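What follows is a short report on a single structure.
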Amino acid sequence: MTVYRTHTCGELRQSHADERVVLSGWAARIRDLGGLIFLTVRDRYGRTQVVFDPDRSEELVLEAKRVRQEWVVRIEGMVRTRPEQDRNADMPTGDIEVVADRLEVLASCETPPLLPEDDFVPSEEHRLRHRFLDLRRARMQKILVTRHNLLQTVRRVLSKQGFLEIETPYLTRSTPEGARDFIVPSRLHPGQWYALPQSPQTYKQILMVSGFDRYFQVVRCFRDEDFRANRQPEFTQIDIEAAFVDEEQIRETAETLMKAVFEQALEIPFPTAVPRMTYRDAMQRYGTDKPDTRYGQELVDLTDHLAGHGFGVVDGISKAGGGAVGLCVQGQAAVSRSWIKKWEEFVKQRGLGGLMPLRVQEDGSWANPLGKFIPAEQLQKAADALQMGEDDLGLIALDKGMRRFEVMGMLRSALAQELGWIDESRHELLWVTDFPLVEWNEEEERYDALHHPFTAPRYEEWERWRETDPSRIMSRAYDLVWNGHEVAGGSIRIHDRTWQEKVFGLIGLSPEEASKRFSFLMEALQYGAPPHGGIAFGFDRMVMLATGETSIRNVIAFPKTTAGMALFEGAPGVVDEDQLHELHLQEIKPKGETGEND
RNA sequence: GGGGCAGUAGCUCAGUUUGGUUAGAGUGCCGGCCUGUCACGCCGGAGGUCGCGAGUUCGAGUCUCGUCUGCCCCGCCA
């Protein structure tokens, strides 16, 4: 209780009737009936109707007439139960109103560029430019409250299990692997640079070596890459690491956390067992390492049904290690040619040669461009493999690489959107396991770490495949997938310098190069590093899924646009010549602005 | 780096297909009326660099090219 308010705007009920109250908030709606004036006052907690009655004070009504939307007002008055016929069942405070006897304008407001109402959502550009007003909307306030609650839940759950929150530096050194770093010039050391961390990966491993056997951190991470609906240049991770554990304990911790999130934010029961799927299964059945298992429509390898029947293209692809992948589109046998063409274009843009429909013709035979080469019984077998019924449409793609699964997976999820296959009320969690340690990078002609280079291999597989086929070595990594989004990923790490050097060797980093770039970690690994592993949650994504939003910008108070701009603050921006000078920097003007060149 | 969609009144949009007189609607804003509204209602008014720049044309919101901004996707993101 302050001079500004005795109650919040979401608080008053019939039980408060006849109490004298003070409310402060923003004028949300003003209904001036000529005599009576109704004013809806809004704050973070809700809305309350205030009534100004000329029968009580003409003067007060005249004052109230001046008030405009989004002014900040303070009201004194009596709580009154509304007449039966005038109650508003849609408002929590709809059974009462406050009869004002005093009005004070705490702040007036220019005509606002947007109205903070939930049923009035302007363009995202406009919302970001006037974020302070956009954040007044009840929806945004609710999201940020949920975000806060989840943060507290995470901290409580992990602390209770003995995890210590330890902060790590934001000014660190650049590690050229992985994403591009944001770099920060050093004033005291001309020509030298800090980098903002892509994640606290090495620090948390070192904390394990130091004996903090259970660590977590709510931490900002920075990656200078292109952005998407669920990617921002700076984002928040729940970073977790533990020593003397294996995969099971990390997964258990992660599930405990998710259980709390489900119960807290979604108020739905947590699955008794989170299903698991191997990376290989995920790629073959869904064409992605983060399958959305809220709907079926799995991909089916049709190579065996279609190859070996004298059709050169299929046979050739098959011999080259490729094949045919099919997808069953329920109830769409009658779609037009242009519909199919549209989706064929979709897969072509993503690198496949084409998309063939398979469907029953009027005479009962199978229609398919391969029909003249491939016997009907084989087409029937393919259709059976796709579990196609008469009204269903099969879509088949051929390609010689693994890309066919990925693209068909993209097609699967695009069709799910288009045809409404997804039950939005469902929530599906899934562990993806058995990732390969490395994958072949065509362009650079070397192996890349699939997860990151500190991930432990399955050592027996290493011994078996290192020399002959390293891509068959599995790692001890795991990802947690929620409704087709990767919400967490982690691994058991390498805790031995010799092994770390071996893995660096496989991805083309010499021991010298490795110790140059990761000297501090390499050194730590020689001084009694315990076995350890961990996981990191993408917290923004987690909040996005928990609130049913489709963009992480909506769950971040001040996000950047897809071009990395902060429209509200105006970042990035130019700095003074003096600032640059002090940092030993000189601006190189883009061509055309120097006046020297043409 | 590539592709797609969008940009018209403060805001949300129509008009662009097929170039043609003075660019419309709703809402917000300003003024008037209105004593039970709750997206109050009714009457009137003001409000436009059709993102920006070139070009085609007798004439461009509309066609062409370039460019900027926002969103979505591919690549990228260990």
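Computed from a predicted structure; not experimentally measured. Within every chain, numbering begins at 1; the chains are lettered A, B, ... in the order of the sequence lines, protein sequences first and strands thereafter.
- For the OP1/OP2 pair of rG70(B) and a distance below 4.0 Å, the side-chain nitrogens and oxygens of T562(A) include no atom meeting the criterion.
- Pairing each heavy atom of L114(A) with each of H130(A), the nearest pair is CD2-CB, 4.0 Å.
- Distance check on atom P: rA9(B) versus rC74(B) gives 32 Å, rounded to whole Å.
- Ring orientation note: the planes of F454(A) and H452(A) are tilted relative to one another, at an angle of 30° to 60°.
- Between the C1' atom of rC77(B) and the CG atom of D289(A) lies a distance of 12 Å, rounded to the nearest Å.
- When the P atom of rG28(B) is taken as reference, atom CG of L133(A) falls 17 Å away, rounded to whole Å.
- Among R137(A), R139(A), H126(A), the single residue meeting the side chain to side chain contact (heavy atoms under 4.5 Å, CB included) criterion with V121(A) is R137(A).
- Y286(A) and S413(A) form no side-chain donor-acceptor contact under 3.5 Å, judged by distance and modelled atom types alone.
- For the pair R220(A) and F222(A), the cation-pi test (distance below 6.0 Å, angle within 45°) is failed.
- The residues R404(A) and D399(A) are annotated as not salt-bridged, no charged nitrogen and carboxylate oxygen being separated by less than 4.0 angstrom.
- Nucleotide rU27(B): paired with rG10(B) (Watson-Crick or G-U wobble, both distances less than 3.5 Å).
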Check the interface with nucleotides 67-69 of chain B: list each N/O to N/O pair with the protein under 3.5 Å, or write none.
from    : atom 1 : to      : atom 2 : distance (Å)
rU69(B) : O2'    : E125(A) : OE2    : 2.5

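- K65(A) has its NZ atom 13 Å from the P atom of rC30(B), to the nearest Å.
- Taking only side-chain atoms of R350(A), from C-beta outward, the nucleotide of rC71(B), rC34(B), rC74(B) with the closest atom is rC74(B).
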Using a cutoff of under 3.5 Å, can you pull out all pairs of nitrogen or oxygen atoms linking the protein to nucleotides 6-16 of chain B, with atom names and distances?
from    : atom 1 : to      : atom 2 : distance (Å)
rU12(B) : OP1    : S123(A) : N      : 2.7
rU12(B) : OP1    : S123(A) : OG     : 3.3

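- The backbone N or O of V432(A) sits nowhere less than 3.5 Å from a side-chain atom of Y279(A) that would complete a donor-acceptor pair.
- Of the residues near RNA chain B, R68(A) and D226(A), the one whose nearest nucleotide (by heavy atom distance) lies more toward the 5' end is R68(A).
- The aromatic ring centroids of F504(A) and F518(A) lie less than 6.0 Å from each other.
- Across every strand in view, rC65(B) sits in a pair with rG53(B) that passes the Watson-Crick or G-U test at under 3.5 angstrom.
- When rounded to the nearest whole Å, the span between CE of M410(A) and P of rC72(B) equals 17 Å.
- Atoms CZ (R180(A)) and P (rG75(B)) sit 15 Å apart, rounded to a whole Å.
- Across the interface with RNA chain B, nearest-nucleotide mapping of S551(A) and E406(A) shows S551(A) to be the residue nearer the 5′ end.
- Rounded to a whole angstrom, the distance from the P atom of rG31(B) to that of rA46(B) is 15 Å.
- Residue L450(A) is classed as a sugar-phosphate contact, given heavy-atom separations below 4.0 Å to backbone atoms only.
- Across all strands, S199(A) comes closer than 4.0 Å to base atoms (heavy-atom distances).
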Going 5' to 3' through nucleotides 36-45 of chain B and flagging B where a protein heavy-atom sits under 4.0 Å of the base, S where only the sugar-phosphate is that close, and - otherwise, we get BBBSB-----

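- Both distances falling under 3.5 Å, in either a Watson-Crick or a G-U wobble arrangement, occur for no nucleotide opposite rC38(B).
- The separation of rG2(B) from rG48(B), taken at their P atoms, amounts to 38 Å, rounded to a whole angstrom.
- rU27(B) and rC40(B) are spaced 11 Å apart, taking the P atom of each and rounding to whole Å.
- Between E549(A) and R541(A) there is no salt bridge, since no side-chain N of the basic residue sits under 4.0 Å from a carboxylate O of the acidic one.
- R403(A) comes within 4.0 angstrom of the backbone, heavy atoms only, and of no base.
- The shortest heavy-atom contact between D540(A) and F235(A) is OD2-CB, 3.3 Å.
- If you measure from atom CG of N554(A) to atom P of rC72(B), you get 10 Å, rounded to the nearest angstrom.
- Under 3.5 Å, the side chains of Q217(A) and T168(A) contain a donor-acceptor pair of N or O atoms.
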Y459(A) vs E461(A), test: side-chain hydrogen bond (donor to acceptor under 3.5 Å, both in side chains). Steps then yes/no. CA-CA 5 Å; Y459(A) 296 109; E461(A) 290 175 7; over 6 Å; no

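- Salt bridge annotation for D134(A)-R136(A): absent, with no cationic side-chain nitrogen under 4.0 angstrom from a carboxylate oxygen.
- Using a 4.0 Å heavy-atom criterion, one finds that R231(A) contacts the bases of the nucleic acid, with or without backbone contacts as well.
- If you measure from atom CD of E345(A) to atom C1' of rC73(B), you get 14 Å, rounded to the nearest angstrom.
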